There are 2 protein chains.
Amino acid sequence: MADVAATAGVSLSTASLAFSGNKPVSAATRERVLSAAAQLGYTGPNPLARNLRQGRSGVVGIAVGPLSTAFRDPAALPMLDAVSQVLEREGLGLLLMGEGDEHAALPLDAVIYDICGRETWDAYADLAARDVPVVVVEGPSWPGSTFIDIEHHAGATALARHLHDLGHRRVATVTLAPSHPQREREAGLREVFPDAAVVGACESDLTAAQELVGPWLDHGPGATAVVCQSDVQAAGVVLEARRRGLDVPGDLSVAGFDGVATPWLDLELTTVVQPLAEKGRAVARAVLDRISGTDTADVLLPVELRVGGSTGPARS
Amino acid sequence: MADVAATAGVSLSTASLAFSGNKPVSAATRERVLSAAAQLGYTGPNPLARNLRQGRSGVVGIAVGPLSTAFRDPAALPMLDAVSQVLEREGLGLLLMGEGDEHAALPLDAVIYDICGRETWDAYADLAARDVPVVVVEGPSWPGSTFIDIEHHAGATALARHLHDLGHRRVATVTLAPSHPQREREAGLREVFPDAAVVGACESDLTAAQELVGPWLDHGPGATAVVCQSDVQAAGVVLEARRRGLDVPGDLSVAGFDGVATPWLDLELTTVVQPLAEKGRAVARAVLDRISGTDTADVLLPVELRVGGSTGPARS
DNA sequence: GGTTAGCATCGAAACGATTCGATCGAATCG
DNA sequence: CGATTCGATCGAATCGTTTCGATGCTAACC
């Protein structure tokens, strides 16, 4: 850049201002600097140097766990998309992180933790020590981080009431690994069905749900409704039940969570719809606030019961 | 770090060596430096400064287009996962990029271009001017970039032969937007069926495929087999055909591409299996080579025909 | 005992910008 | 016409490391 400045006949500082536009530079001077740059093949300020000087990298990490499982559930995408869009508008990039701390040496301005189901994270101590802002999505409560959450409890209770209204009295539930959302939702469910049976826990994955629920169905379920923790799980239960000749919702009502589209199912699932895009935007806003030093408040987003065709009156 | 060095009674350079381990430092000295750091609450070298000095950021960009569509097709994940794993092992992070050049100000050591279906990219000129290595996946051929590709042509031809062997003579195809893979595959198909009809183009999305193929099915297809460009598209065709009472493969044979799992379909698709994880690894290796300045060769990965239950003898 | 190796350590020069405070002119105002 | 203001420009300090070449010191060798 010094060469560019010299060629343009201005000082180094003026050249810098011409590129960054941080302070007023006369149009003529800017023009001169830019053409000198073009002539010398200078492609603009080195991002690394700019980063060092400014103390920020423009990169935000997002911990989502193993990628192949993280994005298998379609519920992950709208949120990721929203986060990315808001950050992009501010010139920030989104860096995918695994679960480990292999990225400790990378310069991150903030980190989003979105591995539902994992309650511990070795890398958190490092981040905290280095004063990297952390935004946690539906996650464990770590000191110093900002939390974005949804109304797990209320949603689960609303869904349970719906089933109770339909006459269901014996209800089973497919769970996720023990985690903050799981605990909240289970508590919500038990407000209405204190004795709900637990089929077992599995990831939010179609095949996993099928494998989990198959034996339970064979064994004679003893429940008229199954409450799942994601629409993908619910779809697995529907498919597996049908494979055994059961009618949904005639013989068995099935409910999901999330409110994502399942176009390959000829049935709209009864589910608890969460505002995925809005959640992503809330996360991104929290990140921006934390980076800029603004105070942040935790966010709790509302959910909404959507009644579809997968639940019906309890078989008497 | 200067304070740490002073506290430990060593020079700044020695302290640096103690942290980076780039040159021999006596165990005693290292220990002294580390404990001084712990005592002063120093959390290790500032990544931004290290980056400036070393001229690299440790971040690799990957352009995949809008995230919500990029990962909707399950074929994208195994590759992304493989890329990420290999890069992570080298301490490199993966940054998601949209299609624009909003990330021009970010310090990227290399960029992977994986937006099949887009043939132009404004940001490429910038990257080339800044000598950022670019690795292109199944994409347009830009000067200076390294290419990772699969055998589109051979795969399509093998699939076409399979259909021909089954007695099919009138074949239709659902395409992607005009692009390198699309052109190659169509050429491969036409080696066997020069007159194959084109139903239309759509993204690799279940609903999109259904909407595209619906009217065509209603209209009386005049083909006994449909060749799709992804398994997701093929699944859409299967579902839509069945909705019209057509039997697959009895009335209509349907073939896909990619070889991903479709657990919600009670049918294994006949498809061309591409080595997704190996493709990802090849991409990552190319990135590492380009970053380290090693010469790279373009890669062409083999594909394999997998015959499933979605294709059968042509209805006579 | 003198030379040579070799290891640990150190000083100083980059890396390439941004930014603060000061300076210099020209325009505005009374 | 002199004082004030404001915008444009400049100098110099700074961001926090890594790394190159040099230096000192010990140990091994003949």
Side-chain angles (χ1 to χ4, degrees), chain A residues 1-37 40-59 91 104-109 129-132 291-292, chain B residues 1-34 36-37 40-59 91 104-109 129-132 291-293:
Chain A
M1 187 155 127
D3 291 349
V4 172
T7 304
V10 299
S11 76
L12 181 56
S13 20
T14 302
S16 171
L17 296 178
F19 283 109
S20 69
N22 281 352
K23 281 240 179 121
V25 173
S26 77
T29 306
R30 168 180 287 104
E31 192 49 48
R32 209 140 33 86
V33 171
L34 262 45
S35 74
L40 295 178
Y42 176 80
T43 53
N46 179 322
L48 296 165
R50 183 215 301 276
N51 287 349
L52 171 59
R53 183 60 236 239
Q54 298 187 146
R56 42 195 223 78
S57 64
V59 177
L106 294 181
L108 300 177
D109 289 349
R130 282 163 46 201
D131 278 324
V132 177
I291 288 180
S292 69
Chain B
M1 187 155 127
D3 291 348
V4 172
T7 305
V10 300
S11 78
L12 181 55
S13 22
T14 301
S16 172
L17 296 178
F19 282 108
S20 69
N22 281 352
K23 283 240 180 123
V25 172
S26 77
T29 306
R30 167 180 286 102
E31 191 49 48
R32 210 139 33 88
V33 172
L34 262 46
L40 295 178
Y42 176 80
T43 52
N46 179 322
L48 296 165
R50 182 213 300 274
N51 288 349
L52 172 59
R53 182 59 237 232
Q54 299 188 144
R56 41 197 223 79
S57 64
V59 176
L106 295 180
L108 300 177
D109 289 350
R130 283 163 47 201
D131 278 324
V132 177
I291 289 180
S292 68

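Every chain is numbered from 1 and lettered A, B, ... according to where its sequence line falls, protein lines coming before strand lines. In this text, all values refer to a predicted model and were calculated from it rather than measured experimentally.
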Check: Do A/Arg53 and D/dT14 share a donor-acceptor pair, side chain to base, under 3.5 Å?
Finding: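 For A/Arg53, whose side chain was compared with the base of D/dT14, there is a donor-acceptor pair (under 3.5 Å).
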Notebook entry, point to check: Taking atom types as they are modelled, is there a donor-acceptor pair under 3.5 Å from the base of D/dG11 to the side chain of A/Ser13?
Noted result: yes
Next item on the list: Identify, between A/Ser26 and A/Leu12, the residue whose nearest nucleotide on DNA chain D lies closer to the 5' end.
Entry: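 This one resolves to A/Ser26.
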State whether [X] places a side-chain N or O below 4.0 Å from either non-bridging phosphate oxygen (OP1 or OP2) of [N].
X       : N      : answer
A/Asn22 : C/dT18 : no
B/Thr29 : C/dA8  : no
B/Ser11 : C/dC10 : yes

How many Å lie between [atom1] on [X] and [atom2] on [N], as a whole number?
X       : N      : atom1 : atom2 : value
A/Leu17 : D/dG11 : CG    : C1'   : 13 Å
B/Asn51 : C/dA17 : CG    : C1'   : 14 Å
A/Lys23 : D/dC6  : NZ    : C1'   : 13 Å
A/Arg50 : D/dT14 : CZ    : C1'   : 17 Å
B/Gln54 : D/dG16 : CD    : C1'   : 12 Å
A/Met1  : C/dC15 : CE    : P     : 15 Å
A/Leu52 : D/dT18 : CG    : C1'   : 12 Å

Check: Paired with C/dG30 by Watson-Crick or G-U wobble geometry, both distances under 3.5 Å: which nucleotide is it?
Finding: D/dC1
Next item on the list: Could you say whether B/Ala15 or A/Ser16 is positioned toward the 5' end of DNA chain C, judged by the nucleotide with the nearest heavy atom to each?
Entry: B/Ala15
Next item on the list: Taking the side chain as every heavy atom from C-beta outward, state whether B/Asn51 and A/Asn51 have any pair of such atoms under 4.5 Å apart.
Entry: no
Notebook entry, point to check: Touch check for A/Leu48, heavy atoms < 4.0 angstrom, all strands: base, sugar-phosphate only, or nothing?
Noted result: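 Nothing, no heavy atom under 4.0 Å.
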Note to self: Within the 4.0 Å heavy-atom criterion, would you say B/Pro45 contacts the bases, only the backbone, or no part of the nucleic acid?
What the structure shows: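 Sugar-phosphate, no base atom in range.
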Check: Are any side-chain N or O atoms of A/Ser16 and backbone N or O atoms of A/Leu12, one a donor and one an acceptor, separated by less than 3.5 Å?
Finding: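 Side chain of A/Ser16 to backbone of A/Leu12: no pair is present.
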